[in-house]
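A short write-up of the structure that comes next.
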Amino acid sequence: MKHLPYLLILTLLTLIACNATPDGEKAKKVVTIDNLKKHVEYLSSDLCEGRKPFSKGAERAVEYLAQEMKSIGLKPIQGDSYLQEVPLVLSQTQCSEVMAINTPKGKLDLKHNEGFVAFSKRIEEEISIDKAELVFAGYGIVAPEYGKNDYAGIENPENKVAIVMVNDPGLGSTGHYFKGDTMTYYGRWTYKFEEGARQGLKGVLIIHEDRGAGYPFSVPVASAGSKLYVNNPDYSSYHCALEGWLSNSAARELLKQNGYDMDQLIAEAKKPDFQPFDLKSDVSVSMKNRFTYNSSPNVVGYIEGSKPNEENIVCIAHWDHLGYGKPINGDSIINGTTDNATAMAWLLETARAFKALDKQPERSIVFLVPTCEETGFHGTTYYVQNPIFPIEKTISVINLDVIPLWGANNDVTITGYGHSTLDDMVTRLAAKYNRYVMADPEAFNGMFYRSDHFPFMQQGVPAMFAKGWSDNRQHGKEWASAKIKDYWANIYHKPTDQLYPETDNYEGLMQEVHLFFDLAYELVTTDVYPQWKPASEFANIRK
């Protein structure tokens, strides 16, 4: 009996210590390596068959995600369902074998899949381009903040096809003009086609270059014949009739036959005062399109905030991948362990941590696992058009994609560094874990515009897209650099993106759970409003 007061005091002190622990720190403790492994192992298993939309394997993955969201206690997007069906149309294009170009020096015939690829986002069964006039329009950019308009003075654009360079005028430079070697959205191929449509052109053809595009010509060749789009009745009205790519060698020959040296034209096109000009040539090509209509679901759950003003953040990790591919060592399933089962595990366990909070967050949190990222962010695009909460009330998005299982990291590599004040928040939060922030060293390839946060950015929503992988805590920077090089060459989008139980290390993934939980927690429990920085091309979308 004499020891009872001491035990009571000890118990009280323990309770006080627990209650003194910040709510977020306690909540993170529900996340375990075992849970992360469970998600990754199932979602990247052969049972899910590479999670290609419309497949049985995809259905299994979607069902797993929905059941996990239910068990965690997230609210469903509609009724008792966590599925948001995305209406899609698959366009399969049969292109003419030759693109016929009449030049001042005679006829130039480019072979399909060698000298050119062509497609159209218009929902039309047949499209014929007959002797459309060609114009060289530099980089195909209209950027008033840089004093640049590559389409100034073009007359009768509805009868013309513009030939433009890939990337932007800063490529290969170290200055501030178009952010130097860091690609802006003006350099992204999607922008080129969008701007061409805004200009009222019949078509746009992009001159390919490996470094400027971020991939070889084989990539647009592989994707051109089959395209997936959100099924929108007005889709045709805001796209050119012709979109496509010219191989670098074909473009050089075309310009040569018009009396121009391409390298000299590139130098001229970089200048702010560049003016487009007619090439005295015309182009003919035809396409036949076959359409298939279907749908594929986003998986969406959310935690409603305590304030009634509908402000929210969105956490994103896409579920889809590529299904089956060319066999490697007899294995043809592209399991997508790092792309993107690991990020889905991050999202589910982040949701679990938020549900463990003692106090409801003030702002709402949407956990979005979209379909069709690999074919152009179609699931996210549809969510942006049909959100739970108004997009103008979405203050930020956090997107994770391609997280390797290489262990803990010293760095947080931010893709799109310098765009928003989210960088500053992550820099401060990362220091708690002895991590430092760095810009993506390969920002020239435009990866900031190549994942599911992008449709939100187009609506002016600040986005964070980051992960640790440039400075491994155990092996260092050189080791990490070699691993990254090997990843892009031998694992990315291949059957080799799979589990390696003997070497997989989940400590880095756990780091991302902790860090980005902290970021999300601050965003939903304070009155902070992330802002675009003035130099970002997205700074003026929201007024």
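The first residue in the sequence is number 1, and the count goes up from there.
Among all heavy-atom pairs drawn from D423 and G418, the shortest one is OD2-N, 2.5 Å. Nearest heavy atoms, I154 versus P276: CG1-CG, 3.7 Å. Contact detail for R473 and Y433: the closest heavy-atom pair is NH2-O, 3.3 Å.
A salt bridge between K121 and E194 is absent, with no side-chain N of the basic residue lying under 4.0 Å from a carboxylate O of the acidic one. Salt-bridge formation is detected for the pair E268/K271: a Lys NZ or Arg NE/NH1/NH2 atom is positioned less than 4.0 Å from an Asp or Glu carboxylate oxygen. Comment: K477 does not engage D411 in a salt bridge, judged by the lack of any side-chain N to carboxylate O separation of less than 4.0 angstrom. With respect to the salt-bridge test (charged N to carboxylate O, under 4.0 angstrom), the residues D109 and K111 do not qualify. E311 and R363 are joined by a salt bridge, as a carboxylate oxygen and a charged side-chain nitrogen come within less than 4.0 angstrom of each other. Looking at E125 and K288, no side-chain N of the basic residue comes within less than 4.0 Å of a carboxylate O on the acidic one, giving no salt bridge.
Under the 3.5 Å distance criterion, the side-chain polar atoms of S536 are left unmatched by any main-chain donor or acceptor of K533. The main-chain N or O of P104 is never found under 3.5 Å from a side-chain atom of K280 such that the two would form a donor-acceptor pair. Put simply, the side chain of D320 gets close to the backbone of C372: a donor and an acceptor are under 3.5 Å apart. In this structure, the side chain of D150 engages the main chain of I141 through a donor-acceptor pair within 3.5 Å. A distance-only check finds no donor-acceptor pair linking the side chain of N445 to the backbone of G214 [under 3.5 Å]. Judged by distance alone, the side chain of E209 and the main-chain N or O of G212 form a donor-acceptor pair under 3.5 Å. With D278 contributing its side chain and V135 its backbone, the two residues share no donor-acceptor pair below 3.5 Å. A donor-acceptor contact shorter than 3.5 Å links the side chain of S120 to the backbone of A241.
The aromatic rings of W189 and F193 stand perpendicular to each other, their planes meeting at an angle above 60°, with 30° marking the opposite boundary. Taking the six-membered ring for Trp and thresholds of 30 and 60 degrees, F538 and F454 have ring planes more than 60 degrees apart, a perpendicular arrangement.
Using modelled atom types, one finds a donor on one side chain and an acceptor on the other under 3.5 Å when comparing D471 with Y436. Judged purely by distance below 3.5 Å, without hydrogens or angles, the side chains of N289 and T93 pair a donor atom with an acceptor atom. Side-chain atoms of T190 and Y185 form a donor-acceptor pair, as typed in the model, at a separation below 3.5 Å. If you check the side chains of T394 and N312, you find a donor sitting under 3.5 Å from an acceptor. With hydrogens and angles left out, the side-chain atoms of H318 and N399 include no donor and acceptor closer than 3.5 Å. Counted by atom type alone, N167 and Y186 present zero donor-acceptor pairs between their side chains at under 3.5 Å. The closest side-chain donor-acceptor pair between R435 and N410, if any, does not fall under 3.5 angstrom. Between the side chains of W346 and T342, no donor N or O sits under 3.5 Å from an acceptor N or O. Between T338 and Y487, the side chains place a donor N or O and an acceptor N or O closer than 3.5 Å (distance only, hydrogens not considered). Using modelled atom types, one finds no donor on one side chain facing an acceptor on the other under 3.5 Å when comparing S128 with S286.
The number of heavy-atom neighbours closer than 6.0 Å to CZ of R211, taken from other residues, nucleotides and ligands shown, is above 12.
Atom OG of S91 is separated from atom CD of E124 by 10.5 Å, given to the nearest 0.5 angstrom. Within the model, atoms CG of L519 and CD of E512 stand 11.5 Å from one another, a figure rounded to the nearest 0.5 Å. The distance from atom CZ of F178 to atom OG1 of T184, rounded to the nearest 0.5 Å, is 6.0 Å.
Under the side-chain hydrogen bond (donor to acceptor under 3.5 Å, both in side chains) rule, H321 has a single partner from H493, E374, R51, which is E374. Among the candidates N248, L265, V164, the single residue satisfying the side chain to side chain contact (heavy atoms under 4.5 Å, CB included) test with I207 is N248.
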- Item | Stepwise side-chain hydrogen bond (donor to acceptor under 3.5 Å, both in side chains) test for N298 and T371 | CA-CA 5 Å; N298 294 329; T371 185; 5.6 Å; no
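Between F116 and H112, the distance separating the two ring centers is shorter than 6.0 angstrom. Taking the centre of each ring, Y492 and Y215 stay at or above the 6.0 Å mark.
Listed by chain and residue number, N490, I491 satisfy the side-chain contact (heavy atoms from CB on, under 4.5 Å) test with D486 (two or more places apart in sequence, or in another chain). Applying the side-chain contact (heavy atoms from CB on, under 4.5 Å) test to N149 and every residue at least two apart in sequence or in another chain returns V142, Y151, A152.
Cation-pi geometry between K467 and W469 is met: under 6.0 angstrom from the ring centre, within 45 degrees of the axis.
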